[in-house]
Amino acid sequence: MQVTAVRSSLLHCLRDPGLAGDVSAIEYFPDAITLVRDGLIERVAPADALLSTLGADVLIDDHRGKILVPGFIDTHVHYPQMDVIASYGTQLLDWLNRYTFPAEIKFADRAHADAMATFFLDRLLENGTTTASVFCTVHPQSVDAFFAESEARGLRMIAGKCLMDQNAPDGLRDTATTGYADTKKLIECWHGHARSLYAITPRFAPTSSLAQMDTMRALSTEHPTTYVQSHVAENRAEIAWVAELFPEHRSYLDVYDHYGLLRDKSIYAHCIYLDDVDRARMTAAGATPAFCPTSNLFIGSGLYDLKQALAAGNVVSVGTDVGGGTSYSMLRTLGEAYKVQQLQGTSLSPAYALYLATLGGAKALSLDDKLGSITPGKEADFALLDPAATPLLARRTSLRDDPMDVFFALMTLADDRAIAATYAGGKCVHSRLGSAISF
Ligand code: GUN
Ligand code: ZN
């Protein structure tokens, strides 16, 4: 039995605060103790109420001045695209061909995949992200490398092998038969093993033949507890291409729907150019959009309308989408999400931004019984934010005694320097506070 106690401020969402940010949905303790036992949150209470009840054997990690928040949840990211980040001068389809596919071909080499998985997970943890829905490459060994490393760190992660049998270069295609067989083998090996969860991962409709689409329907039906992750309606040229490839379908989203890929636990990145019928269908099917603001800006894809999606009942979450996206930091990503909404006349409240990156992300992934808030019984994944990480942050966050104002300053100004420490399953997996971590 392992008991950890953390003393800090604490900020989390008890429920959905809505886009305008109902602060009664937010709980804040200026000085709290978070008690963790065997990887789960056992108790949270103001320090003055809890301190005297703790046994002498309980060691307290004293992080007063830091703000404990639930570990961030990044619902769309590609671990093989680390070296694609900040690639100049293209939009989606050219970007894939010029930069992304060549980088992904290298993952045929297991040693390369192992090294990249290690580097990638270091980046997530230094940014306070403890759960992500992750694209690997077409190579099954890229999934083995990823889960081996995430399990060594005790992380709850979702990942899957890209299914792609056409419109991609040599070395980056499977076939309908091998894609199906390899996915089944990976599901058996990893889904539900330790904290790992598997996502059936069609790259996007243009890279799958009709024969492969049929096998993906079979996979989705045969493994209903797995996730599905893909891309939809990101870029105008992509949408025109899908209309040529699948002329009998009403919309791009309808292609996935026809092949049984719109369901609970299905996550679709971007969703910028869905229409009302598509949005209603996503809600009815239980499928969820991942809003990826830094990617949408960097690749020049478009502006996601969050208000419209929420009005249609969509359960929206936020993804970094690196390498299309430009930062592993969910704080930076929320800051850009705010700007994308500002351009459309909507102000994303800091309360809703916090929700999107924590409890809302957990809800989109059907993991809100396990993650997303600091609630007894949930898994002890959290980050400690340092509101004084830089001189500018220290100055700005000291101006107003309002935790949501502090969070807004952090999502606008902060980066990985403001993540003082990250815990997964109650264990410290990243720290800027001086203690050495080894896996
Ligand atoms: N559509 C198909 N593949 C990708 C990808 O790797 N990144 C993004 N942003 N969109 C895609
Ligand atoms: Zn993506």
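All residue numbers refer to positions in the sequence shown, counting from 1. In listed order, ligands and their atoms are each counted from 1.
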Closest contact, heavy atoms only, R263 versus S220: NE-OG, 2.9 Å
Under-4.0 Å heavy-atom contact with ligand 1, by part of D321 that carries it: side chain
Side-chain donor or acceptor of T226 paired with backbone N/O of H223 under 3.5 Å: yes
Numbered atoms and elements of ligand 1 in range of L92, under 4.0 angstrom, heavy atoms: 8 (C), 10 (N), 11 (C)
Where at least one partner belongs to residues 94-103, residue pairs that pass side chain to side chain donor-acceptor pair (under 3.5 Å), sequence neighbours excluded: none
Sub-4.0 Å atoms of ligand 1 with respect to non-hydrogen atoms of H270: 9 (N)
Close approach, W95 and ligand 1, non-hydrogen under 4.0 angstrom: yes
Polar atom proximity, R203 to ligand 1 (N or O, under 3.5 Å): yes
Cut-off under 2.8 Å, centre the Zn ion (ligand 2), protein N/O/S atoms: H76 NE2, H78 NE2, H231 NE2, D321 OD1
Donor + acceptor pair across side chains of N127, T129 (<3.5 Å): no
Residue pair L310, V316: steps toward the side chain to side chain contact (heavy atoms under 4.5 Å, CB included) verdict: CA-CA 7 Å; L310 296 177; V316 181; 3.8 Å; yes
Between T283 and N314, a side-chain donor and acceptor under 3.5 Å: yes
Ligand 1 atoms in contact with F204 (distance to a heavy atom under 4.0 Å): 1 (N), 2 (C)
Parallel, tilted or perpendicular: rings of H270 and H231 (30°, 60°): parallel
Within 6.0 angstrom of R417 CZ, more than 12 heavy atoms from elsewhere: no
Where D416 and R432 come nearest, the two heavy atoms and their spacing: O-CD, 3.8 Å
Those atoms of ligand 1 less than 4.0 Å from some heavy atom in E234: 1 (N), 8 (C), 9 (N), 10 (N), 11 (C)
Nearest option to atom 8 (C) of ligand 1, as decided by whichever heavy atom of M164, H231, E104, Q81 sits closest: H231
Exercise: identify the closest heavy-atom pair between T412 and R332: O-NH1, 3.6 Å
